[in-house]
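Below you'll find the structure, written out as structure tokens, and then a few comments.
Values below: all heavy atoms of this structure, side chains included; hydrogens, waters and symmetry mates excluded. The chains referred to below are lettered A, B, ... by the order of the sequence lines, with proteins before strands, and numbering in each begins at 1. What you are looking at is a predicted structure, and each value in this text was computed from that prediction instead of being measured.
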Amino acid sequence: MEEKEKPVDFIREIIREDLKNKKYDSRVHTRFPPEPNGYLHIGHAKSICLNFGIAEEFKGLCNLRFDDTNPTKEEVEYVEAIKKDVKWLGFDWQDREYYASDYFEKLYEYAVELIKKGKAYVCDLTADEIREYRGTLTAPGKDSPYRNRPVEENLDLFERMRKGEFSDGLRTLRAKIDMKSGNINMRDPVMYRILHAGHHMTGNKWCIYPIYDYAHCISDSIEGITHSICTLEFEDHRPLYDWFLDKLGVYHPRQIEFARLNLSHTVLSKRKLIQLVQEGHVKGWDDPRMPTISGLRRRGYTPKAIRNFCERIGIAKRENMVDMSLLEYCIREDLNKKAPRVMAVLRPLRVVIINYPEDQAEELEAINNPEDPLMGTRKVPFSRVLYVEKDDFRENPPKDFFRLAPGREVRLRYAYYITCVDVIKDRTTGEITELHCTYDPATRGGDSPDRRKVKATLHWVSAPNSIEAEIRLYDHLLTVPDPSEGKEGKDFKAYINPKSLETLTSCHVEPGLRHAAVGNRYQFERQGYFCVDSDSIEGKPVFNRTATLKDTWAKIEKKLI
RNA sequence: UGGGGCGUCGACAAACGGCAAGUCAGGAGAUUUUGGAUCUCCCAUGUGGAGGUUCGAAUCCUCCCGCCCCAGCCA
């Protein structure tokens with residue numbers, strides 16, 4: 001071991017300490033407990049990486065447990081999606097796929113036990129009345145008139161609740177704790193509610209369902225979890241978590257809370273995400289603009305980049321707002337090493353090489369990835385008529401623009417030096433339609449024998465050999481880093497970026513991309529990283545821009561304005 | 001006016017009484033057949049504030065200030 005160890009977060013520190021003290025029989029067992037009522041997002045990835053990561057590091061286990069105690073909100077579609085996403089991120093729960101609903105019977109037995117111990121009672125107050133009796137943040141609550149119901153009566157009523165004798169909301173089972181507690185969660189919280197609703201796992205077996213606080217701690221206990229990691233808003237619930245387990249006298253894991261992830265220029269709340277989907281602001285949960293795992297996957301993100309991101313952001317208890325640029329950095333870092341380079345012209349400008357023989361054609365050798373010689377080379381066709389990027393030509397170049405301009409010589413990557421000799425415009429609109437250039441045959445491959453320098457290297461495609469493609473450019477979902485900092489009364493939807501998607505339909509890409517498989521990732525030289533979308537059809541691929549390349553020129557240009 | 005948390009660089013985040021790490025962002029330069037990548041350097045005389053303890057305080061104590069969470073039969 002080196003002297004200087006990588007700093008660890010406070011949770012791993014607690015675990016190290018527990019291990020040192022031989023707590024929990026020196027076991028480490030965590031769990032990731034999603035509620036199957038929505039898709040996983042990058043914030044969940046933080047939790048997944050934490051829980052599964054800890055299990056790996058400490059040679060422990062991590063369970064996948066669906067927290068399915070509310071049948072009115074949960075669906076199988078979500079459990080399938082969640083499993084797919086966790087797997088895709090690279091984590092394995094082996095055979096430990098559990099559901100809180102697996103424990104409904106046990107939960108019921110424990111509830112009966114609490115009733116017998118005088119720690120729980122059936123309450124006939126309505127939801128409104130319970131709210132009234134609860135008091136407020138500053139005023140204590142008052143006892144329910146049903147609080148001192150005899151044990152036998154509670155037992156009878158609770159059994160009849162289960163049997164379905166009462167309609168929804170008629171009665172609840174409540175923990176008998178302290179209506180005057182400063183912690184509102186301790187003011188006789190509801191443990192069970194009556195809900196005549198079918199459940200995705202248990203069907204119509206139950207018409208009473210346990211509340212999170214009651215179900216979660218016991219599920220953790222049953223599974224032998226050692227460290228039950230959750231987010232900060234559950235800090236106030238910890239005394240309740242402890243209370244149930246203490247009163248029952250069962251195995252008692254430790255709940256630890258950390259700060260959830262906030263990411264700039266997007267939203268990470270299930271409620272808001274579901275709103276974006278349902279109101280059609282995006283095309284679905286896997287829209288590449290979404291911060292969902294499925295959205296990021298379709299966008300072209302790799303599991304490695306996401307896991308790396310989660311490692312870099314760290315774990316702490318402070319509220320945070322991580323810059324989207326860090327996520328982008330992580331995907332560039334990964335793809336720079338892995339993605340084959342290819343040339344694609346997004347906004348084509350026709351270039352005719354006037355001194356290149358009409359009937360001539362040739363193939364030039366291009367390097368697939370300068371970062372990795374093992375990835376080899378490929379041939380790209382060259383001809384008299386090419387496309388270059390519109391942005392790469394300026395009739396009146398500003399200072400520091402060193403791409404193509406009238407009279408200027410530049411290099412075509414892996415091809416030749418060319419010089420712009422004429423600018424052809426549309427007579428009526430004045431729009432530049434074509435460039436006439438000459439090439440220097442001595443510069444084949446991109447080097448000049450006389451060592452003369454050109455300041456720019458342009459990507460290009462051969463017009464007759466290129467194939468057409470659709471390319472979708474994505475930008476931030478929101479125009480502001482943090483929508484909650486906006487004007488009073490403005491919700492996040494007021495900041496939805498109208499330019500978050502730009503679809504380019506007449507792009508030209510290298511012929512080698514004709515049969516690119518869905519999901520393949522490439523670097524389009526000088527443009528960014530792109531991946532093949534599932535909307536692709538034979539002969540007409542569709543690409544999603546995963547991330548741009550760093551663009552120094554764009555920065556310079558911005559300053560000029 | 002209750003209870004629970006949290007304040008270290010633009011954004012994350014270390015430090016555990018002994019010289020304020022690192023990363024992203026930003027800036028400058030080198031290099032470059034991607035204005036990419038890579039490399040070098042710069043970027044907190046100071047840790048929300050004020051006192052105190054100490055040879056020594058981001059760290060311990062006191063008071064103050066600010067921010068977040070809790071009044072679902074949601075999780």
Side-chain angles (χ1 to χ4, degrees), chain A residues 4 6-9 13 33-35 37 67 69-70 72-74 123 125-127 130-132 134-141 168-174 180-187 189-195 208-209 211-213 215-216 230-239 257 259 264 270 312-330 332-333 336-337 341 343 366-367 370-371 400-403 411-415 417 443 445-447 454-459 481 523-528 548-557:
Chain A
K4 189 96 178 176
K6 192 165 105 179
V8 296
D9 56 76
E13 223 161 81
E35 184 191 10
N37 68 343
D67 226 326
T69 55
N70 186 352
T72 63
K73 286 166 60 179
E74 295 147 10
C123 182
L125 255 25
T126 65
I130 286 183
R131 189 176 315 118
E132 265 179 58
R134 185 155 35 222
T136 67
L137 293 180
T138 50
D168 287 2
L170 237 204
R171 294 185 221 268
T172 56
L173 183 72
R174 294 228 254 163
K180 291 176 195 63
S181 172
N183 182 346
I184 291 181
N185 295 301
M186 300 299 269
R187 320 240 258 231
V190 170
M191 293 167 60
Y192 271 92
R193 74 281 220 189
I194 301 170
L195 234 39
I208 55 172
Y209 291 94
I211 290 289
Y212 166 87
D213 288 300
H216 201 89
C230 62
T231 44
L232 250 29
E233 67 271 25
F234 292 103
E235 213 150 16
D236 286 345
H237 294 240
R238 186 169 3 109
E257 311 85 12
S264 75
K270 273 192 199 169
R312 281 168 188 267
I313 57 176
I315 299 292
K317 291 192 74 162
R318 249 160 275 129
E319 301 281 341
N320 57 79
M321 173 63 70
V322 175
D323 222 288
M324 183 67 90
S325 63
L326 181 60
L327 217 210
E328 289 168 352
Y329 174 84
C330 290
R332 285 191 194 109
E333 181 187 44
N336 176 45
K337 294 277 187 271
R341 279 33 0 174
M343 292 195 283
I367 294 167
E371 298 290 317
D400 291 329
F401 180 90
F402 40 80
R403 277 111 95 145
R411 171 168 41 230
L412 293 181
R413 185 142 226 229
Y414 302 126
Y417 286 12
T443 58
D447 272 315
V454 285
K455 292 190 91 175
T457 301
L458 272 41
H459 62 278
Q523 184 196 101
F524 289 177
E525 294 225 22
R526 304 207 304 134
Q527 296 283 354
T548 58
L549 251 26
K550 264 174 72 182
D551 191 345
T552 307
W553 164 243
K555 253 181 229 166
I556 296 167
E557 196 181 25

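Side chain of A/Tyr329, nearest nucleotide from B/rG36, B/rA71, B/rC24: B/rC24. Among the nucleotides B/rA71, B/rC74, B/rC68, the one closest to the side chain of A/Leu137 is B/rA71. In the set B/rC12, B/rG36, B/rA14, B/rC12 carries the atom at the smallest distance from any side-chain atom of A/Ile313.
A donor-acceptor contact under 3.5 Å is formed by the side chain of A/Arg403 with the base of B/rG35. For B/rC69, the base has no donor-acceptor partner in the side chain of A/Glu257 [N/O atoms by modelled type, under 3.5 angstrom]. A donor-acceptor contact under 3.5 Å links the side chain of A/Asp236 to the base of B/rG3. Donor-acceptor pairing under 3.5 Å, judged by distance alone, is absent between the side chain of A/Glu557 and the base of B/rG35. For B/rU8, its base sits under 3.5 Å from the side chain of A/Arg318 at one donor and acceptor pair at least. Residue side chain A/Gln523 reaches the base of B/rU34 through a donor-acceptor N/O pair under 3.5 Å, judged by distance alone.
In this structure, A/Lys317 atom NZ and B/rC12 atom C1' are separated by 18 Å, rounded to whole Å. Computed from coordinates, the A/Tyr414 OH to B/rG36 C1' distance equals 11 Å when rounded to whole Å. A/Tyr212 has its OH atom 18 Å from the P atom of B/rG72, to the nearest Å. B/rU38 atom C1' lies 14 Å from atom CG of A/Leu549, rounded to whole Å. One interatomic measurement links the two molecules: CE of A/Met186 to P of B/rG3, which rounds to 15 Å at whole-angstrom precision.
Annotation: A/Phe402 is not in aromatic contact with A/Trp553 [ring centroid separation under 6.0 Å not met].
Nucleotide B/rC67: paired with B/rG5 (Watson-Crick or G-U wobble, both distances less than 3.5 Å). Using N1 to N3 plus N6-O4 or O6-N4 for Watson-Crick, or N1-O2 and O6-N3 for G-U wobble, each under 3.5 Å, B/rU40 pairs with B/rA28. For B/rA20, there is no paired nucleotide, since no Watson-Crick or G-U wobble pair has both relevant distances below 3.5 Å.
Using a 4.0 Å heavy-atom criterion, one finds that A/Asp400 contacts the bases of the nucleic acid, with or without backbone contacts as well. Base engagement by A/Glu525 is indicated by at least one non-hydrogen atom pair under 4.0 Å involving a base atom.
Contact between the side-chain N/O atoms of A/Lys550 and the OP1/OP2 oxygens of B/rA25 is not found at any separation under 4.0 Å.
If A/Asp67 and A/Asp9 are placed on RNA chain B by their nearest nucleotide, the residue sitting closer to the 5' end is A/Asp9.
For B/rG5, the glycosidic angle deviates from 0 by more than 90°, giving an anti base.
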